[in-house]
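Working notes for the structure below.
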Amino acid sequence: MDLTVTTLDGKDAGTVSLSDAIFGLDVRQDLIARVIRWQLAKKQQGTHKTLTRGEVSRTGAKMYKQKGTGRARHHSARAPQFRGGGKAHGPVTRSHEHDLPKKVRALGLRHALSAKLKADELIIVDSLVAAEAKTKTLTGAFASLGLTNALFIGGAELDNNFKLAAKNIPNVDVLPIQGINVYDILRRGKLVLSKDAIEALEERFK
């Protein structure tokens, strides 16, 4: 399929042919959800921790004598039922990562790209290059394209001026093609790909 290419100034820059194997799939939300869950699980720190009764700093002496009080036969004040005692079955430091086959990850990315195209949220630009590292200039260019919430994907090497100018703009992310991922694609409203990014994607999924 053919899609119109524009410049950052909003001018027409011809058309580009997109591969149906990457951008023309019938979207499967289940695959996309699996990949996002895998990504978020990898990002989770897993440093949550509570103290068990063996780790609480509290006296180990018997609370009161065994017999003659009319109360239950307790021993340590570190037991979970007491205030200040340990936590029973609490969270421990661990990794939340789980495996996901590489083919499923690749397929999830293609379905995410297809979803953006079907939702009319995909824009192709000829290049992501800024003449100077001025945030104000780039903000004006984005406004002319109607971009307030977008992910920009460039080639293997990003233009330094464009990267610096876009860094301070809220709700705008800029990534090289190596960093393209399902979570960031769906987290932003519009997906903006450069022609270099299109070529890299077609080479990757060839």
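Side-chain atoms of W38 come within 3.5 Å of backbone atoms of H98 as a donor-acceptor pair (strictly under, hydrogens ignored). Judged by distance alone, the side chain of S114 and the main-chain N or O of L25 form a donor-acceptor pair under 3.5 Å. Remark: the backbone N or O of V174 is not paired with any side-chain donor or acceptor of K163 at under 3.5 angstrom. Between the side chain of D159 and the main chain of A130, a donor-acceptor pair closer than 3.5 Å is present. Not one N or O on the side chain of H96 forms a donor-acceptor pair closer than 3.5 Å with the backbone of A41. Counting only distance, with no hydrogens or angles, the side chain of R78 and the backbone of G85 share no donor-acceptor pair below 3.5 Å. A donor-acceptor pair under 3.5 Å links the side-chain atoms of T135 to the main chain of A165, judged by distance alone. Using a distance-only test at 3.5 Å, with no hydrogens or angles considered, no donor-acceptor pair links the side chain of D196 to the main chain of G154. At distances below 3.5 Å, at least one donor-acceptor pair connects side-chain atoms of N181 with backbone N or O atoms of Y183.
Two residues are said to be in side-chain contact when any heavy atoms from C-beta on lie closer than 4.5 Å; S76 and R53 meet this criterion. Side-chain contact between L128 and L8 is present, with heavy atoms from C-beta onward closer than 4.5 Å. Residues I36 and I32 form a side-chain contact, since some pair of their non-hydrogen atoms from C-beta on lies under 4.5 Å apart. Here the side chains of I123 and L191 are not in contact, with every heavy-atom distance at 4.5 Å or above. Side-chain contact between K116 and I185 is present, with at least one heavy-atom pair separated by less than 4.5 Å. Between T6 and D126 there is no side-chain heavy-atom pair separated by less than 4.5 Å.
When hydrophobic clusters are built by joining Ile, Leu, Val, Met, Phe, Trp and Tyr residues whose side-chain heavy atoms come closer than 4.5 Å, directly or via intermediates, I177 is not grouped with V129. Cluster annotation: V125 is not connected to L201 through the hydrophobic network of ILVMFWY side chains, with a link wherever side-chain heavy atoms come within less than 4.5 Å. With hydrophobic clusters built from ILVMFWY side chains whose heavy atoms lie under 4.5 angstrom apart, L147 does not share a cluster with L186.
Across all non-hydrogen atoms, the minimal contact from A77 to R58 is O-NH1, 2.7 Å. Considering all non-hydrogen atoms of both residues, E202 and S19 come closest at OE2-N, 3.6 Å. For G90 against K87, the heavy-atom pair with the smallest separation is CA-CG, 3.9 Å. Scanning both residues, T59 and A61, for their nearest heavy atoms gives OG1-N, 3.1 Å. Across every non-hydrogen atom of D12 and V5, the tightest pair is OD1-O, 3.3 Å. Between V27 and H111, the closest heavy-atom pair is CA-ND1, 3.6 Å.
Checked against I180 for a side chain to side chain contact (heavy atoms under 4.5 Å, CB included), the options L175, L151, I153 give a single hit: I153. Test L122, L193, L113 against L18 for side chain to side chain contact (heavy atoms under 4.5 Å, CB included) and you get one pass: L122.
A salt bridge does not link E121 to K190: none of the charged side-chain nitrogens sits closer than 4.0 Å to a carboxylate oxygen. For the pair K49 and E55, the salt-bridge criterion is met [side-chain N within less than 4.0 Å of a carboxylate O]. Taking the charged nitrogens against the carboxylate oxygens, K11 and D9 have no contact shorter than 4.0 Å, which rules out a salt bridge.
From Q39, atom CD reaches atom CZ of R105 across 10.0 Å, with rounding to the nearest 0.5 Å. Taking CD of Q45 as the reference point, atom CZ of R94 lies at 14.0 Å (rounded to 0.5 Å). Atom NE2 in H89 sits 11.0 Å away from atom OG1 in T50 (nearest 0.5 Å). For the atom pair CZ of R188 and OG1 of T148, the computed distance is 10.0 Å after rounding to the nearest 0.5 Å. Here the straight-line distance linking atom CG of L3 with atom OG of S17 works out to 10.0 Å at 0.5 Å rounding. Here K65 contributes atom NZ and R73 contributes atom CZ; the two are 15.5 Å apart, rounded to the nearest 0.5 Å.
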message = Using side-chain contact (heavy atoms from CB on, under 4.5 Å), reason through V35 and L31 one step at a time and then give a plain yes or no.
response = CA-CA 6 Å; V35 177; L31 277 175; 5.7 Å; no
ask   = Going through the checks in order, is the side-chain contact (heavy atoms from CB on, under 4.5 Å) test met by N161 and K134?
value = CA-CA 8 Å; N161 284 345; K134 293 285 188 181; over 6 Å; no
Chi angles and distances behind the side-chain contact (heavy atoms from CB on, under 4.5 Å) call for F152, L158: CA-CA 10 Å; F152 290 82; L158 291 174; over 6 Å; no
Q.
Would F23 and R110 count as a side-chain contact (heavy atoms from CB on, under 4.5 Å) here? Give the steps.
A. CA-CA 7 Å; F23 295 93; R110 286 192 284 157; over 6 Å; no
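Annotation for Q81: atom CD counts as buried by contact number, over 12 foreign heavy atoms lying within 6.0 Å. In the displayed structure, D30 atom CG is contacted under 6.0 Å by more than 12 heavy atoms of other residues, nucleotides or ligands. Open room surrounds CG on D99; 12 or fewer heavy atoms of other groups in view lie less than 6.0 Å from it. Remark: E157 CD is loosely packed, at most 12 non-hydrogen atoms of other residues, nucleotides or ligands lying under 6.0 Å away.
Aromatic ring orientation, F142 versus F162: perpendicular (interplanar angle above 60°, classes split at 30° and 60°).
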